[in-house]
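Note that the structure is a prediction, hence the values are computed from the model and not measured. Both ligands and their constituent atoms are indexed starting at 1 by order of listing.
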Amino acid sequence: MPIDLILDPSVLAKELSGYHLINGKLVAPKNGKTFDVLNPATGKVIGQAADGDADDVAIAVAAAKAAQKDWAERPARERGKLLAECGRILMSHAEELGRLVALESGKALRTESRVEASVLADMFVFFGGLASELKGETVPFNPNMMTLTTREAVGVVGAIIPWNVPMMLMAIKVAPALVAGNAVVVKSAEDTPLAVLRVCQIMQEVLPAGVFNILSGFGPSCGGPLVEHKDVKKVSFTGSVETGRTVYRAAAEKLIPVTLELGGKSPMIVMGDADLDKAIAGAIGGMRFTRQGQSCTAASRMLVHESLHDEFVKRLIDKVNTLKMGDPLDEETDIGTIINRKQFDKVCGYIEVGEKEGATKNELSALPTDSALSDGLFVRPVIFTNVDPNARIAREEIFGPVACVFKFKTFEEALELANDSDFGLAATVWTTDLKTALVATKRLEAGFVQVNQNLVVQPNLSYGGIKLSGLGKEASLESMLEHFTYKKTIILNME
Ligand code: NAI
Ligand code: MG
């Protein structure tokens, strides 16, 4: 049955309150417990989330396991067509989903949340089209033996997702996993359980019951049991380095494969010959100021050639100052709020640390004046200059609207500064010189390197980092084949 559009996110939040989605149906948690979901722009409760635990994990994994066999036996293109159909239906719900994610996450509707909803839909259409690529090879092993490989589903996949782009980061796990013939159990992030639950509910219109299940709950009590469950054969995780390590350890006990996407401290090198207009626009987009900097790829280390440094800083400040903070659901708003009190305190703490470390603080934009938003978790964007490359603000992931700008003299110095990081997710270089661009792309230690642009995750561009940024790739054909299937070698003796 088609699901009606509910464009008022407060109404929709209440309708979805208190549920998981298991085996095609919204169900309450076994223990009957729920926790509040807040609007971070007002501090008000907008609904409840099911407080799932190991009992719910067991029910969801059993449903997934039961459904997976038939699902994997369907022709690949049939699965692909169903996933593409999900994408089309999700697109018709994009406005509704954008509003709901704006309400629960504090991300502005126009600049972020609506965009996320349409990328989500596009990911399902894209992966649906890849079904025919689940193919193997023939191997010239022995003329008397036909030797070939096939791609097989791994079984039940556990996916643990964060709150910053919850729907899209869920899609880049769920879509390839399902197309490849797996069933999935997602554990949503505590702060954003509702929009992803709605996505799963909408997809039930098309999918067989049990292939896509979603649980809400806390990390240790719900995410932990999901990773540890004996029938979960692969885990895909996006979140913090610390939790990534915990997930990796638990998966190691079971010897199952893991994909980890863990964040970064991404450099943006602006050479003296760069087009400054483009670099400023790229810095604003790359730093995700409109998402309060809550991005794993945030271009939070801006390395600018000394000849452009002062002009770059001045124009960046002017531009960020024009961004309007306000109610995430207001079309005028560019910048919404930080996700929760804990992250708010963390970000504010780093801003204090930066000042104590002696960097120059430029605090920008203006807090909203609307009294309805007085309890909102708004943080004014900060651009630090005169930053010591060994300062904590220069090295640690802040995950807030805080950028550090550094000055360099030589290209070599810029590359060394850029690579001197525990992380290796993304990097950009801004130059009009071909040789500089080529050398930089070769030498920058990161999984995702761009020249003269700062695009976000795109369908079919393998996305994922090195060093503490994680393991494995997402969003591409490679991610589906390498991370959601295993390769089987088959030899037929013809003698
Ligand atoms: P987190 O890593 O604790 O949470 C991410 C997900 O993991 C959530 O669904 C959470 O419930 C789950 N989780 C937590 N503990 C778990 C456990 N023991 N077993 C299984 N699942 C568990 O991240 P958090 O606390 O929300 O944010 C802290 C920091 O993490 C941020 O300041 C940021 O630096 C980083 N982060 C990075 C993200 C990225 O896109 N790579 C996204 C979100 C946060
Ligand atoms: Mg945590």
Which ligand 1 atoms does Phe237 reach within 4.0 Å, using its non-hydrogen atoms?
-> 2 (O), 6 (C), 7 (O)
Check: Glu474 and Val457 side chains under 4.5 Å, non-hydrogen atoms = no
May I ask you to list the atoms of ligand 1 that are less than 4.0 angstrom from any heavy atom of Lys346?
-> 29 (C), 31 (C), 32 (O), 34 (O)
Say you draw a straight line from CG of Asn164 to SG of Cys296; how long is it, rounded to the nearest 0.5 Å?
-> 6.0 Å
Can Arg198 and Glu96 be counted as an ion pair, charged N to O under 4.0 angstrom?
-> yes
4.0 Å heavy-atom contact, Gly244 with ligand 1 = no
Is the shortest side-chain N to carboxylate O distance from Glu95 to Arg99 below 4.0 Å?
-> yes
Where ligand 1 meets Thr238 - atom numbers and elements under 4.0 angstrom, heavy-atom basis | 5 (C), 39 (C), 40 (O), 41 (N)
Numbering as shown, the atoms of ligand 1 that approach Ile161 to under 4.0 Å (heavy-atom distance) = 6 (C), 8 (C), 9 (O)
Atoms in ligand 1 with a heavy atom of Leu262 nearer than 4.0 Å = 41 (N)
Below 4.0 angstrom from a heavy atom of Pro162, which ligand 1 atoms are there? Numbered from 1 as shown, please.
-> 42 (C), 43 (C)
With atoms numbered from 1 as shown, which atoms in ligand 1 lie under 4.0 angstrom from a non-hydrogen atom of Ile160?
-> 6 (C), 7 (O), 9 (O), 12 (C), 20 (C), 21 (N)
Could you grab the distance from atom CD1 of Ile161 to atom CD of Glu261, nearest 0.5 Å is fine?
-> 13.0 Å
Taking non-hydrogen atoms only, is Gln343 closer than 4.0 angstrom to ligand 1 via side chain, backbone, both or neither?
-> side chain
Apply the side-chain contact (heavy atoms from CB on, under 4.5 Å) test between Tyr19 and each candidate in Leu215, Leu194, Val27, Leu197; give the one that qualifies.
-> Leu197
Do Lys467 and Glu445 meet the salt-bridge criterion of a basic N to acidic O distance under 4.0 Å?
-> yes
So for Cys222 against ligand 1, with non-hydrogen atoms under 4.0 Å, the contacting part is neither
SB check Asp420 Arg395 (cutoff 4.0 Å) = yes
Atoms of ligand 1 less than 4.0 Å from Gly263 heavy atoms?
-> 41 (N)
